[in-house]
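This report refers to the structure that appears directly beneath it.
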Protein chains: 2
Amino acid sequence: MVLFAGQGDPHRSMSLLWRKEGSAGPRSAPGPKPALSVDAIVDAGIAVADAEGMAALSMRAVGERLGRTAMALYTYVPSKSELVDLMYDHALAELPTDYDLAPGWRAAVTSWAEDTWEFYLRHPWVLQVSQARPVLGPNEYGALETVVRLLYATELPSAALRRIVGTLFHFVRGSAQTVAEARLAAAATGVSDEEWWQSRSTVLGEVVPDFSDRFPLVIRLETEGVAHHGTDGANDTDSSAPYDDSVPYLEREAKTTFEVGLAVILDGIEATIHKAG
Amino acid sequence: MVLFAGQGDPHRSMSLLWRKEGSAGPRSAPGPKPALSVDAIVDAGIAVADAEGMAALSMRAVGERLGRTAMALYTYVPSKSELVDLMYDHALAELPTDYDLAPGWRAAVTSWAEDTWEFYLRHPWVLQVSQARPVLGPNEYGALETVVRLLYATELPSAALRRIVGTLFHFVRGSAQTVAEARLAAAATGVSDEEWWQSRSTVLGEVVPDFSDRFPLVIRLETEGVAHHGTDGANDTDSSAPYDDSVPYLEREAKTTFEVGLAVILDGIEATIHKAG
DNA sequence: TGCAACTCCTTACGGCATAAAGTAACCTCG
DNA sequence: CGAGGTTACTTTATGCCGTAAGGAGTTGCA
């Protein structure tokens with residue numbers, strides 16, 4: 001299920017998102033001193049989501065991590081969905097903002113895309129926050145400001161850039177999501193991608209004996225020019241590059257797909273510039 | 001939450017996915033005659049998901065639509081996640097497969113992308129099925145075979161095409177997701193995109209008075225060259241094209257983003273061809 | 001000193017997927 | 001033709017979830 005942003009009272013949501021740290025005047029209010037804080041809850045939420053995924057993020061789990069009950073959180077945060085918004089914007093603060101445009105916009109955008117990709121893999125749950133109703137927090141705007149600055153160096157008009165920004169985000173999110181979900185699935189089910197693929201493709205061959213007649217191009221796409229390491233009958237003796245066993249095969253494939261796809265998109269942007277110029 | 005494919009017994013899953021319609025021999029088994037069928041359940045599931053979204057898809061809801069309890073479904077389908085897999089592959093059968101390559105691969109891929117985009121908007125819940133562990137059903141392979149056929153017309157090597165296929169899918173899914181989630185959010189919350197944006201941006205201006213100093217390029221990106229129709233103070237008197245009020249502004253923006261982004265990617269593919277050739 | 005405000009807790013409700021066990025329908029074999 | 005095993009479907013129950021409601025204890029100010 002996708003989580004929607006911004007359902008509660010807009011003013012309270014925005015105040016929470018943009019709350020400033022410096023404004024901690026000498027507290028003077030009746031009632032027991034609060035032992036928790038919005039920040040502590042947001043941090044605990046991120047810790048839970050990083051460690052066990054968005055599916056394991058429950059108010060009970062976050063409360064437990066802080067030694068409280070689930071209901072204690074509602075003093076600080078209006079609802080779970082607002083907590084997720086706060087977690088999202090807080091995590092986004094990790095993204096770098098200071099890219100050097102001197103080597104050209106293409107290098108800068110490439111660095112940005114790679115940093116963003118790595119960020120998504122550090123916090124895969126971020127990919128499950130809906131983009132339809134943006135959170136509108138400081139760090140979301142900060143991240144947007146960062147890419148936009150790099151892209152204005154192309155000297156393309158704003159109307160074209162609005163579309164290109166969207167395309168880049170869709171692409172980075174989409175490719176990162178593939179890897180993130182693969183890891184999540186592996187962790188959640190205890191079955192690695194390789195094991196999963198092996199058992200499935202074996203069964204597929206049994207259940208669908210005429211597979212290669214029905215989908216010849218899929219077969220060709222998946223086998224031609226593959227430097228592989230066993231598990232599906234391809235040659236595993238002559239792989240040329242030193243083989244890094246720490247990263248699973250499918251994940252390295254996904255990273256390459258990301259790099260090649262990014263290059264294709266950047267080529268397309270350059271073509272747009274030449275057409276406009 | 002994202003739903004993972006393929007957790008149960010692989011053989012049972014595959015048999016369900018690839019089950020053939022013709023094999024209905026004269027039934028001869030003890031026990032009451034089954035009133036339901038896998039197909040009826042899958043259709044009911046799709047009906048629920050189309051009408052009320054993936055979040056409303058519960059075993060109870062599907063059973064209710066068939067006049068049964070939730071538990072009745074478990075005779076036919078091993079679990080909810082397997083039901084979603086079956087729904088996914090069944091829905092994919094709607095996608096066209098017979099694109100004409102005579103006008104060139106670019107036109108064919110453009111048609112494919114637009115048909116796929118429209119398919120996702122007809123069945124937005126499809127976008128919430130994880131891509132990490134593919135369902136491996138007949139229609140998923142059919143859809144893949146279709147794109148791959150179009151792309152082999154570029155005469156690029158398989159290794160390059162593997163990446164390009166992924167890039168295209170990420171892009172189409174990502175852009176469709178924006179619109180799909182926006183509609184879903186509007187339906188779920190009862191607040192239209194325009195209303196939502198209006199109230200949020202008003203509050204944003206109050207809570208963050210120095211917004212335009214902190215994010216000048218975001219402001220520039222969002223205001224420059226916008227042909228708008230009210231709601232945010234832009235000029236709404238001189239829009240040139242006949243205005244179609246039946247489609248919300250943000251959705252038309254998203255469609256344009258899709259078209260421009262697709263053109264950028266296709267330009268990138270052409271650049272790759274010229275480099276390789 | 002009391003009261004109002006505040007934090008945090010316990011309890012409870014209706015939802016979810018699904019395990020377990022019960023009931024009734026039906027075919028086949030004796 | 002009737003008993004027994006198999007099957008379709010139901011009821012009930014378990015342990016999750018978000019969160020509403022109300023209560024208990026702590027604190028600052030009048």
Side-chain angles (χ1 to χ4, degrees), chain A residues 1-5 7-9 12 25-41 44-45 48-49 52-87 125 128 188-189, chain B residues 1-5 7-9 12 25-41 44-45 48-49 52-87 125 128 188-189:
Chain A
M1 189 210 315
V2 180
L3 305 164
F4 293 116
Q7 286 152 328
D9 169 36
R12 174 146 189 215
R27 201 189 106 89
S28 162
K33 279 158 188 146
L36 295 181
S37 67
V38 175
D39 283 310
I41 291 172
V48 170
E52 304 169 65
M54 192 67 123
L57 183 83
S58 69
M59 298 302 269
R60 285 169 170 86
V62 176
E64 200 164 347
R65 185 169 282 254
L66 294 163
R68 297 294 129 91
T69 67
M71 291 310 292
L73 311 182
Y74 284 89
T75 306
Y76 301 88
V77 153
S79 71
K80 179 180 174 179
S81 95
E82 305 255 356
L83 170 58
V84 172
D85 289 359
L86 293 171
M87 287 166 53
W125 52 271
Q128 294 179 48
T189 63
Chain B
M1 189 208 317
V2 179
L3 305 163
F4 293 117
Q7 286 152 329
D9 169 36
R12 174 145 189 216
R27 200 188 107 89
S28 163
K33 282 164 185 142
L36 295 181
S37 67
V38 175
D39 283 310
I41 291 172
V48 170
E52 304 169 65
M54 192 67 123
L57 183 83
S58 68
M59 298 302 267
R60 282 167 170 84
V62 177
E64 199 164 349
R65 185 170 283 254
L66 295 163
R68 296 295 130 92
T69 65
M71 292 309 293
L73 311 182
Y74 285 90
T75 307
Y76 301 88
V77 154
S79 70
K80 179 179 173 179
S81 96
E82 305 255 355
L83 170 58
V84 172
D85 289 359
L86 293 171
M87 287 166 53
W125 52 271
Q128 294 179 47
T189 63

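These numbers come from the heavy atoms of this one structure, side chains and all, not from hydrogens, waters or symmetry mates.
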Correct closest heavy-atom pair for B:L83 and B:M59 would be CD2-SD, 4.2 Å
Using a heavy-atom cut-off of 4.0 Å across all strands, would you classify A:L57 as base, sugar-phosphate, or nothing? sugar-phosphate
Quantify the bending of the helix from C:dT1-D:dA30 to C:dG30-D:dC1 as the angle between its end axes, each fitted on five pairs, to 10°. 30°
Do B:V84 and B:M54 come within less than 4.5 Å of each other through their side chains, counting heavy atoms only? yes
Compare the minimum distances between each of C:dC8, D:dG28, D:dT7 and the side chain of B:P30, then state the nucleotide with the smallest one. D:dT7
Residues A:A72 and A:R68: closest non-hydrogen pair is CB-CB, 3.8 Å
Heavy-atom side-chain contact between B:E64 and B:V48 under 4.5 Å: no
What integer distance in Å separates B:K33:NZ from C:dT28:C1'? 14 Å
Base, sugar-phosphate alone, or nothing: which one does A:A72 contact when heavy atoms must sit under 4.0 Å apart? sugar-phosphate
With a cut-off of less than 4.0 Å, is there a side-chain N or O of A:T75 near OP1 or OP2 of C:dC8? no
Starting the side chain at C-beta, find the nucleotide from C:dT10, D:dT10, D:dC9 nearest to A:T69. C:dT10
Check: B:L36 and B:Y76 side chains under 4.5 Å, non-hydrogen atoms: yes
Distance, rounded to the nearest Å, where A:E82 contributes CD and D:dG18 contributes C1': 14 Å
Gap between atoms CE and C1', on B:M54 and C:dC16 respectively (whole Å): 15 Å
State, yes or no, whether a side-chain contact exists between B:K80 and B:L57 at a heavy-atom distance under 4.5 Å. yes
What integer distance in Å separates B:L66:CG from D:dA8:P? 15 Å
Show the nearest heavy-atom pair for residues A:A56 and A:A61, with the distance to one decimal. O-CB, 3.7 Å
If I compare all heavy atoms of B:V62 with all of B:I41, which pair ends up nearest, and what's the gap? CG1-O, 3.9 Å
Residue pair B:A40 / B:L66: nearest heavy atoms and the distance that separates them: O-CD2, 4.1 Å
Atom pairs under 3.5 Å: protein N/O with N/O of nucleotides 18-22 of chain C:
unit_1	atom_1	unit_2	atom_2	d
C:dT18	OP2	B:Y74	OH	2.6
C:dT18	OP2	B:K80	N	3.1
C:dT18	O5'	B:Y74	OH	3.3

Nearest-angstrom distance from the residue atom CD of A:E64 to P of C:dC9: 12 Å
